[in-house]
Amino acid sequence: MNGSFSTRMLRTIAAWVVVAVFFFPIYYWTSVAFKHGNDIFNRPPKLIAFTPTFDNFQKVFGISLGSGGITVTPGGGNFYMAPRVWDSIVIATLSTVLAVAIATLAAYALSRMNFRGRHSFVGWVLSTRMMPPVAVAVPMFFIYKNFGLIDTYTGMVLIHALMNLPLAVLLMKSFFDDIPSEIDESAIVDGASRFMIFRRIVLPMAKGGIAATAVLCFIFSWTEFLFALTLTTTSVKTVPVVSSTFVTSIGTAWGNMAALGAASIIPAFIFILLVQKHLVRGLTMGSLKQ
Amino acid sequence: MATVEYRNIAKNFGHVEVMKDVSFGIADREFVVLLGPSGCGKTTLLRMTAGLESVTNGDLLIGDRRVNDVHPRDRDIAMVFQNYALYPTMKVFDNIGFSLEVAKVPKAEIRKKVEWAAEILNLTPYLGRYPKELSGGQRQRVAMGRAMVRNAAVFLFDEPLSNLDAKLRTHMRVEIRQLHNRLGTTTIYVTHDQIEAMTMADKIVLMHAGRIMQIGTPDEVYERPNSKYVADFIGSPSMNFIAGAVETAGGSPHFVAEGVSIGLSPEIKAKPGQKVIMGVRPHDLGISDAGEIKGEVVLSETTGADVQIHLRVAGYDAVAVVPRDERRNAGAAINLSVLPGKVHLFDAATELRVA
């Protein structure tokens with residue numbers, strides 16, 4: 001496995017090259033957020049040697065670095081985006097919780113219980129993702145308008161949870177399928193009810209699966225653009241939607257856009273950090289003879 | 001403590017009939033082994049007893065109660081699964097005590113019972129560990145502890161030793177049997193391993209293709225198999241068979257095949273001329289110059305105390321087990337005689353026992 005020194009060296013270098021290739025766009029975008037307008041368009045680009053500025057963040061988040069440390073001045077301007085990041089956090093978190101909660105229950109039923117049409121059910125669930133979302137954007141708009149859901153947290157949470165459900169159900173089902181049914185049966189003989197088995201035995205075992213599903217749901221909601229654009233107007237807007245507003249008739253505010261983009265990595269990053277320790281875990285963890 | 005009774009049990013999976021008309025009873029405190037090859041229906045029968053499979057037809061009684069439609073938790077049974085099925089997120093203590101916790105038994109009593117079971121099973125030092133931190137044998141014992149604390153009327157074991165290595169299996173076999181002697185709980189034990197069946201059972205129920213082939217004590221099944229199938233399945237190495245016919249020679253019945261003529265007991269039920277299959281266990285063959293069976297040695301295998309001599313007899317392969325000092329080299333001609341009263345005869349058509 002370890003090989004000679006040169007092999008190990010080569011492997012390490014290759015790994016760092018791959019990391020660099022993936023990390024470079026993030027670095028470049030983040031560096032733009034700290035540049036003055038003139039530096040952004042420099043050719044060749046100034047990757048390191050530029051005078052950093054906090055102006056972009058001040059404009060977008062109302063945060064400034066003065067002599068007294070960091071000061072926050074929430075305040076006006078078309079480019080003030082802090083509330084929009086909050087909108088994104090609320091929508092992504094709640095829609096993830098909703099989707100994962102429903103998907104976990106549905107997937108457990110699909111994995112364990114016998115009912116008519118159980119096998120075609122999976123196909124039906126998946127079929128909802130077979131057409132491009134834009135095909136239902138207009139009907140959705142009218143449905144939302146009639147129900148008064150346009151431009152509300154409820155509306156956005158519902159649509160994102162709805163769009164995440166099919167994949168979340170399938171994903172969770174595959175995790176439940178991996179848990180041997182003997183464990184359920186053993187608990188049935190032990191006298192536990194279905195719900196108790198689910199809560200006390202199966203759910204703790206599926207933690208890794210739930211974490212993985214939650215990460216996917218969160219990232220989807222965090223980056224979703226189409227419905228966030230068509231189903232909102234002014235009071236609720238997510239980061240991807242407001243990012244597009246930096247493109248104006250008098251030019252594109254690249255620095256501000258980069259500041260918002262760079263900052264919006266942080267909440268998603270924190271979320272993934274929180275759940276990642278559950279991600280890679282042995283599923284049955286010694287309950288069975290392997 | 002309880003009896004178990006199966007009355008005309010049938011089981012279908014969809015349109016496939018896997019079991020038909022199975023009837024037998026299990027006495028209180030009895031250790032019954034359901035034995036058979038994979039797919040014979042033994043596990044299905046056990047799962048029906050547990051309530052994990054429905055009974056298509058017939059009556060299943062535990063004690064005096066018909067339990068066909070009774071929920072598993074109300075059947076007063078405990079089950080040990082082949083792969084142990086421990087709860088991986090619970091420690092050994094909670095694994096063993098889970099059924100009591102579900103039944104809302106007071107904490108102090110749970111502790112008492114779990115400690116009692118752990119003591120018997122030598123698990124006391126491991127109560128605070130997770131299943132993943134235990135060896136195979138320890139996990140197996142935890143699974144048994146789970147069954148023990150329930151004070152169930154019937155224990156069900158589904159091939160509990162098949163995942164253990166050979167040495168541990170022998171050890172656990174003894175432990176399970178000792179446990180049964182100590183607790184006296186009626187036990188149904190499923191296995192495909194005839195040695196487990198022979199060593200552990202009070203009564204063996206040998207199954208094949210969803211039907212019962214024979215029910216009897218290990219001795220009965222070994223000494224008087226009622227069909228060629230049973231004779232072949234029980235015993236290791238398995239029984240030698242030669243097809244031939246019963247003929248009268250010199251006033252007494254003989255089994256006659258090409259190059260073989262063996263005198264039979266005069267009380268034999270087979271009619272002269274009847275086509276039969278003769279069966280002789282490898283251990284019931286002895287080397288003797290006057291032996292009626294002439295063969296040629298193909299291979300000698302030393303297994304320890306014994307030697308297994310593989311031979312060709314009258315166009316058939318056969319095995320004889322003899323003491324190690326009687327080993328023969330390949331190619332040698334050999335004469336064998338059958339120990340008195342150890343010849344089994346089966347009708348050639350029905351394969352049922354004639355003598």
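Sequence lines set the chain letters: A, B, ... in the order given, protein chains first and strands last, and positions in each chain run from 1.
At most 12 heavy atoms of other shown residues, nucleotides or ligands fall within 6.0 angstrom of atom CZ in A/F147. Few gaps surround CZ on A/F220; more than 12 heavy atoms of other groups in view lie less than 6.0 Å from it. Annotation for B/W116: atom CH2 counts as buried by contact number, over 12 foreign heavy atoms lying within 6.0 Å.
For a residue to count as touching a neighbouring chain, one of its non-hydrogen atoms must lie under 4.5 Å from one of that chain's; by this rule B/A143 does not touch chain A.
Contacts with chain A (heavy atom to heavy atom, under 4.5 Å) involve these residues of residues 37-55 of chain B, listed by number: B/R47, B/L52. Contacts of residues 194-201 of chain A with chain B at a heavy-atom distance below 4.5 Å involve A/M196, A/R200, A/I201, listed in sequence order. Chain A is approached within less than 4.5 Å, heavy atom to heavy atom, by B/F98, B/S99, B/E101, B/V102 from residues 96-107 of chain B, ordered by number.
Residue A/M205 comes nearest to B/P88 through the heavy atom pair CE-CG, 3.3 Å, listed as atom of the first residue, atom of the second, then distance.
Listed by chain and residue number, nothing satisfies the salt bridge (charged side-chain N to carboxylate O under 4.0 Å, His left out) test with B/D94 (two or more places apart in sequence, or in another chain).
No hydrogens or angles considered: a donor-acceptor pair under 3.5 Å links the side chains of B/R146 and A/S186.
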side-chain contact (heavy atoms from CB on, under 4.5 Å) evaluation trace for A/D190 with B/Y87:
CA-CA 12 Å; A/D190 270 349; B/Y87 311 130; 2.8 Å; yes
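At least one donor-acceptor pair closer than 3.5 Å links the side chain of B/R150 to the backbone N or O of A/V189.
A 4.5 Å side-chain heavy-atom check between A/E182 and B/D158 finds every atom pair outside the cut-off.
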